Amino acid sequence: EPEVTQTPSHQVTQMGQEVILRCVPISNHLYFYWYRQILGQKVEFLVSFYNNEISEKSEIFDDQFSVERPDGSNFTLKIRSTKLEDSAMYFCASSSGTDSYTFGSGTRLTVV
Amino acid sequence: SQQGEEDPQALSIQEGENATMNCSYKTSINNLQWYRQNSGRGLVHLILIRSNEREKHSGRLRVTLDTSKKSSSLLITASRAADTASYFCATRPGSSASKIIFGSGTRLSIRP
C-alpha cells in the first residue's frame with residue numbers, strides 16, 4: 001500500500017534555529033498538506049498545497065512558516081526561527097482531491 | 001468556532017462490547033471522515049461518508065451522518081484490545097477546496 005514518508009521522525013532544535021521537515025507524498029496525489037498536533041491537543045490544519053502553490057492556510061501558518069515542493073517528489077515545511085511553542089508533532093498528508101487523506105507517521109519537533 | 005467536536009472525550013469499555021462515538025459540527029460539509037490514532041503515532045483513515053449518504057459500513061465499523069443535526073456517529077462492534085486508540089472525526093467544509101478540519105477526539109480504551 002502506498003505510504004507518505006516523513007523524515008526525520010524526531011528533531012530537537014534550539015530556539016531561534018531554522019528547521020526543515022521533509023515529506024514524500026504518494027506519487028499520484030495532487031494535494032499536499034501539513035498539520036500539527038501539540039501534545040494532548042487536537043490536530044490543527046496548517047497549509048494545503050496544490051499545483052505548486054499554497055491553496056489554503058490557517059492563522060497558525062504565519063511568516064515564520066513556508067512550504068516548498070523542490071523537486072517534484074519532496075514536500076517540505078520550513079520554520080525559520082523556531083519558538084518553544086512550535087514544539088509539536090507535525091504530520092504531512094496527501095490526497096487525490098476530494099477523498100480521504102493518507103498521513104505520514106509524523107515528525108516530533110522539540111524546541112529547547 | 002469549533003468544527004468537529006466529539007463526545008465522549010474518553011470511553012472505557014469491556015472487550016467484546018460495542019463502542020459508540022459521536023461528532024458534531026457547525027458548518028455545511030462535503031464529507032466527514034473518521035481517523036484513528038494510536039498513542040504517539042500517525043493518523044489512519046477509517047471511513048469516509050459523503051454529505052448525501054446517511055450510513056456506511058466497513059467491517060466492524062458503522063458510520064451514520066445526519067446533516068440536519070450536523071452530527072455523525074462511529075460505532076465499533078465487538079471491540080478488541082487492538083481498538084484502543086484515539087478516534088477523530090474530520091470534516092471537509094463546503095467552502096474549502098480540500099482541507100479537512102479535525103475534532104478534538106475520543107480516547108477509547110478497551111479493557112481485556
Side-chain angles (χ1 to χ4, degrees), chain A residues 1-7 9-10 21 23-26 29-51 53-61 67 88-110, chain B residues 1-7 9-10 21 23-53 56 58 61 63 72 74 85-107:
Chain A
E1 180 137 358
E3 289 185 341
V4 173
T5 306
Q6 287 187 245
T7 55
S9 57
H10 192 185
L21 309 183
C23 170
V24 179
I26 291 175
H29 282 180
L30 302 175
Y31 292 82
F32 314 111
Y33 312 87
W34 284 100
Y35 283 76
R36 78 170 186 192
Q37 185 179 34
I38 295 171
L39 186 63
Q41 297 187 25
K42 62 164 61 178
V43 179
E44 300 174 292
F45 170 75
L46 292 179
V47 66
S48 60
F49 192 85
Y50 170 73
N51 201 25
E53 61 183 23
I54 291 173
S55 50
E56 291 182 81
K57 61 182 181 178
S58 71
E59 291 176 355
I60 302 167
F61 194 88
V67 289
M89 196 78 159
Y90 287 81
F91 292 105
C92 173
S94 66
S95 80
S96 56
T98 57
D99 286 341
S100 62
Y101 288 13
T102 302
F103 281 86
S105 49
T107 293
R108 182 173 299 283
L109 177 65
T110 303
Chain B
S1 63
Q2 296 292 327
Q3 177 82 338
E5 294 297 324
E6 287 94 332
D7 81 272
Q9 290 186 331
M21 290 159 274
C23 168
S24 61
Y25 57 92
K26 293 188 185 302
T27 67
S28 65
I29 60 170
N30 283 297
N31 64 53
L32 186 146
Q33 306 173 33
W34 285 89
Y35 287 81
R36 184 185 72 221
Q37 184 181 37
N38 287 44
S39 181
R41 305 292 294 273
L43 294 144
V44 176
H45 176 257
L46 295 176
I47 195 165
L48 179 152
I49 187 164
R50 303 189 191 284
S51 59
N52 61 352
E53 297 176 310
K56 207 158 181 184
S58 176
L61 305 180
V63 168
S72 173
L74 172 68
S86 290
Y87 291 81
F88 296 89
C89 69
T91 52
R92 180 166 166 259
S95 59
S96 169
S98 68
K99 79 178 180 195
I100 60 175
I101 301 174
F102 284 85
S104 47
T106 294
R107 289 188 311 279

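On a predicted model such as this, the values are computed, not experimentally measured, just so you know. Only heavy atoms go into these numbers, but all of them, side chains included; no hydrogens, no water, no symmetry mates.
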Under 3.5 Å donor-acceptor pairs involving side-chain atoms of residues 43-51 of chain A, not counting sequence neighbours:
| from | atom 1 | to | atom 2 | distance (Å) |
| --- | --- | --- | --- | --- |
| A/E44 | OE1 | A/R36 | NE | 3.1 |
| A/S48 | OG | A/S55 | OG | 2.8 |
| A/S48 | OG | A/E56 | N | 3.1 |

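Open room surrounds CD on A/E3; 12 or fewer heavy atoms of other groups in view lie less than 6.0 Å from it. By the neighbour-count criterion of 12 heavy atoms within 6.0 Å, atom NZ of A/K57 is sparsely surrounded, having that number or fewer from other residues, nucleotides or ligands.
Heavy atoms closer than 4.5 Å to chain A are found nowhere in B/I47, neither backbone nor side chain. For A/Q37, the part sitting under 4.5 Å from any heavy atom of chain B is the side chain, from C-beta outward, and nothing else. Interface remark: A/Y33 contributes side-chain atoms only to the contact with chain B (heavy atom separation under 4.5 Å).
Taking the ring pair (Phe, Tyr, Trp, His ring centres under 6.0 Å) definition, one finds that A/F32 meets it with A/F75, sequence neighbours left out.
Within the model, atoms CG of B/L43 and OG of A/S100 stand 12.5 Å from one another, a figure rounded to the nearest 0.5 Å.
Closest approach of B/F102 to A/K42, counting heavy atoms only: O-NZ, 3.7 Å.
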Between A/F103 and B/R41, is the side chain to side chain contact (heavy atoms under 4.5 Å, CB included) condition met? List the steps. CA-CA 10 Å; A/F103 281 86; B/R41 305 292 294 273; over 6 Å; no
